[in-house]
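Working notes, beginning with the structure itself.
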Number of protein chains: 2
Amino acid sequence: MNRRLTTRGKERRRQLLEFATQRFADNGYHPTSVAEIVQGLGVGKGVFYWYFDSKEQLFIEILREAQQDLRRTQQQAIEGEDDPIARIELGIRSTMLWSAEHENYYKLTQFAITEERFLPSLRKGQEVAIKDVMRHVQDGIDRGLIRDTSADYIAQGILGLSTQLVRVFIHEKHRSPDEVADEAIALILDGIHTGDRSAAAPI
Amino acid sequence: MNRRLTTRGKERRRQLLEFATQRFADNGYHPTSVAEIVQGLGVGKGVFYWYFDSKEQLFIEILREAQQDLRRTQQQAIEGEDDPIARIELGIRSTMLWSAEHENYYKLTQFAITEERFLPSLRKGQEVAIKDVMRHVQDGIDRGLIRDTSADYIAQGILGLSTQLVRVFIHEKHRSPDEVADEAIALILDGIHTGDRSAAAPI
DNA sequence: TGAGTTCTTGACCGTACGGTCAAGAAACGG
DNA sequence: CCGTTTCTTGACCGTACGGTCAAGAACTCA
């Protein structure tokens with residue numbers, strides 16, 4: 001579906017994307033019908049199929065945009081910083097902020113995991129994210145700043161820990177992104193063990 | 001739906017639960033119809049509604065059983081161990097093993113997160129799991145074995161990190177549960193920082 | 001102004017869904 | 001053996017879904 005869109009057309013497309021995102025996040029993907037989406041915008045059903053091939057393609061489009069937007073945010077946050085550990089920290093902080101402001105996208109991503117047909121679109125974005133983190137981790141290992149173990153386990157661990165803290169503390173308990181980021185970073189850098197070095201954690 | 005079931009009845013109910021679990025995990029909850037489930041067992045549709053009120057109730061029942069089964073496994077794994085850090089480690093190891101053997105349940109849980117109406121049943125189980133971990137964490141803090149920070153962040157962090165490693169390394173990359181558990185425990189206990197103490201990590 | 005394009009309408013289509021129910025088979029209990 | 005309960009059948013119901021399409025409105029641009 002690659003149409004030439006006028007300004008009006010782009011506007012309409014954006015409306016559809018945003019309204020659908022909201023409904024998908026609130027009610028779930030399957031329970032939200034195309035009829036519901038066009039009714040919510042007060043337009044005919046044909047409008048939907050003028051801009052998108054199918055409900056499925058619309059959803060994939062939403063995922064793609066979300067991944068793009070998050071990545072752009074992270075890149076901006078870490079640019080100009082050289083220390084790999086500081087880069088990881090900045091990445092986590094910006095992710096927490098972004099997640100707090102885009103709970104809808106977060107929910108949609110969680111759902112997408114559960115259906116085979118959405119996994120391909122997801123994996124692409126996940127792989128990019130993991131590669132970003134792994135690059136900093138490997139860099140940290142090379143400079144002797146990070147324990148020399150499997151960079152992929154570390155990268156996935158960082159992602160998983162951050163994701164869970166976002167869900168529980170930001171989206172459910174409504175703590176501030178800053179507080180959550182502090183805790184995430186402390187855990188990631190030094191784990192839970194007590195020890196003389198742990199007092200020196202702050203970068 | 002509290003019927004008095006004969007042996008045959010219990011058997012039928014179990015068949016329905018197991019077959020539905022498989023299909024839900026393979027194709028997703030919504031794409032799997034009740035008709036498909038009863039056809040798969042070669043029985044009439046009425047059979048389904050003799051044992052369950054609705055498709056939704058069946059799904060909730062599956063979730064409940066999975067949570068119960070995992071918890072029982074964890075409890076068995078840690079009984080008799082006194083050291084809180086060793087208890088956490090044993091809990092993680094048994095969870096990894098269980099997850100490797102019950103990928104279906106894992107997938108269903110991931111889906112359940114994405115629909116409002118399943119959240120209540122989920123939260124109950126999650127809260128129990130978190131409380132279990134938090135008790136050990138608090139115990140560890142009291143004995144000076146664990147850094148004295150918010151036990152809830154630590155507990156959620158452990159859960160999130162473990163969950164992600166299970167998904168990626170056990171279910172997608174098919175690594176052994178033991179290897180994954182080793183990495184998870186190393187990260188949780190000591191974080192990613194280098195440092196003299198990190199060599200003493202193994203319990 | 002008028003031809004061409006973009007955009008919108010909403011009735012309509014076939015299908016598949018979750019769920020019901022009257023009827024009867026099978027098993028149980030005395 | 002018979003009455004009762006448990007279990008099974010499968011046609012049927014109303015509904016809602018994703019998607020189509022002929023027709024026309026709105027806009028663009030020469």
Side-chain angles (χ1 to χ4, degrees), chain A residues 1-21 23-24 26-63 108 111-112 114-118 121, chain B residues 1-21 23-24 26-63 108 111-112 114-118 121:
Chain A
M1 179 85 20
N2 258 339
R3 295 197 190 281
R4 302 172 49 195
L5 298 182
T6 63
T7 310
R8 182 188 167 200
K10 283 178 196 159
E11 171 66 16
R12 184 62 95 202
R13 196 182 129 92
R14 184 117 304 276
Q15 283 179 356
L16 284 165
L17 280 168
E18 282 174 11
F19 191 82
T21 301
R23 305 297 285 181
F24 287 158
D26 286 349
N27 300 346
Y29 172 77
H30 288 289
T32 301
S33 66
V34 175
E36 193 181 328
I37 294 169
V38 293
Q39 265 167 34
L41 259 62
V43 299
K45 209 171 190 179
V47 168
F48 185 95
Y49 289 96
W50 178 260
Y51 295 98
F52 303 97
D53 284 326
S54 64
K55 186 182 160 185
E56 180 170 336
Q57 189 232 325
L58 159 70
F59 186 75
I60 289 172
E61 185 65 25
I62 293 173
L63 285 185
L108 266 40
F111 163 76
T114 70
E115 287 203 24
E116 207 74 44
R117 56 179 159 165
F118 296 128
S121 353
Chain B
M1 180 84 20
N2 258 339
R3 294 198 192 280
R4 301 171 50 192
L5 298 182
T6 64
T7 310
R8 183 188 168 201
K10 282 178 197 160
E11 172 66 15
R12 186 62 95 201
R13 196 182 129 93
R14 183 119 303 277
Q15 282 180 358
L16 285 164
L17 279 169
E18 280 172 14
F19 191 82
T21 301
R23 306 297 285 179
F24 287 159
D26 287 348
N27 299 346
Y29 172 77
H30 288 289
T32 301
S33 65
V34 174
E36 193 181 329
I37 294 169
V38 293
Q39 265 167 36
L41 260 63
V43 298
K45 209 170 190 178
V47 168
F48 185 95
Y49 289 97
W50 177 259
Y51 295 97
F52 303 98
D53 284 326
S54 65
K55 186 181 161 185
E56 180 170 336
Q57 190 232 324
L58 159 71
F59 185 76
I60 289 172
E61 185 64 23
I62 293 173
L63 286 185
L108 266 39
F111 163 76
T114 71
E115 288 203 21
E116 206 74 44
R117 55 180 160 163
F118 296 128
S121 357

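By convention in this document, chain letters (A, B, ...) are assigned in the order of the sequence lines, proteins followed by strands, and residues within each chain are numbered from 1.
- By the 4.5 Å heavy-atom criterion applied to side chains, B:Val43 and B:Gln15 are not counted as neighbours.
- A tilted orientation is assigned to the rings of B:His30 and A:His30, their planes being inclined by 30° to 60°.
- A:Thr32 is not listed as a side-chain neighbour of A:Asp26, based on a closest heavy-atom distance of 4.5 Å or more.
- By the 4.5 Å heavy-atom criterion applied to side chains, A:Leu108 and A:Phe59 are counted as neighbours.
- Looking at B:Phe24 and A:Thr114, their side chains never come closer than 4.5 Å, going by heavy atoms from C-beta outward.
- Using a 4.0 Å cut-off on heavy atoms, the residues of residues 8-17 of chain B that approach DNA chain D are B:Arg8, B:Gly9, B:Arg12, listed by number.
- Atom NZ in B:Lys45 sits 9.0 Å away from atom CD in B:Gln39 (nearest 0.5 Å).
- Distances shorter than 4.0 Å separate some side-chain N or O of B:Thr6 from OP1 or OP2 on D:dC7.
- Partners of B:Glu18 according to the side chain to side chain donor-acceptor pair (under 3.5 Å) rule, which considers only residues two or more places apart in sequence or in another chain, do not exist here.
- Side chains of A:Val34 and A:Tyr49 form a contact here, defined as non-hydrogen atoms less than 4.5 Å apart.
- Residues passing the salt bridge (Lys or Arg N to Asp or Glu O under 4.0 Å) test with A:Arg23 are A:Glu36, sequence neighbours excluded.
- For A:Trp50, a side-chain nitrogen or oxygen approaches OP1 or OP2 of C:dC7 to under 4.0 Å.
- Screening residues 51-62 of chain A for side chain to side chain donor-acceptor pair (under 3.5 Å) gives A:Arg13-A:Glu61, A:Glu56-A:Arg117, A:Glu61-A:Arg64 as the qualifying pairs, with residues at least two apart or on separate chains.
- Taking CD1 from B:Ile62 and OG from B:Ser121, the interatomic distance works out to 11.5 Å, rounded to the nearest 0.5 Å.
- As a whole-Å value, the separation of B:Met1 CE from D:dT6 C1' is 13 Å.
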Are there any protein N/O atoms within less than 3.5 Å of an N/O atom in nucleotides 3-5 of chain D, and if so, which ones and at what distance?
none

Inset, instruction - Starting at the 5' end of nucleotides 13-21 of chain D, put B wherever the base has a protein heavy atom under 4.0 Å, S where only the sugar-phosphate does, and a dash everywhere else. - result: ----SBBBB
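- Using a 4.0 Å heavy-atom criterion, one finds that A:Val43 contacts the sugar-phosphate atoms exclusively.
- At D:dT8, one or more side-chain N or O atoms of B:Tyr51 fall inside 4.0 Å of OP1 or OP2 (strictly under the cut-off).
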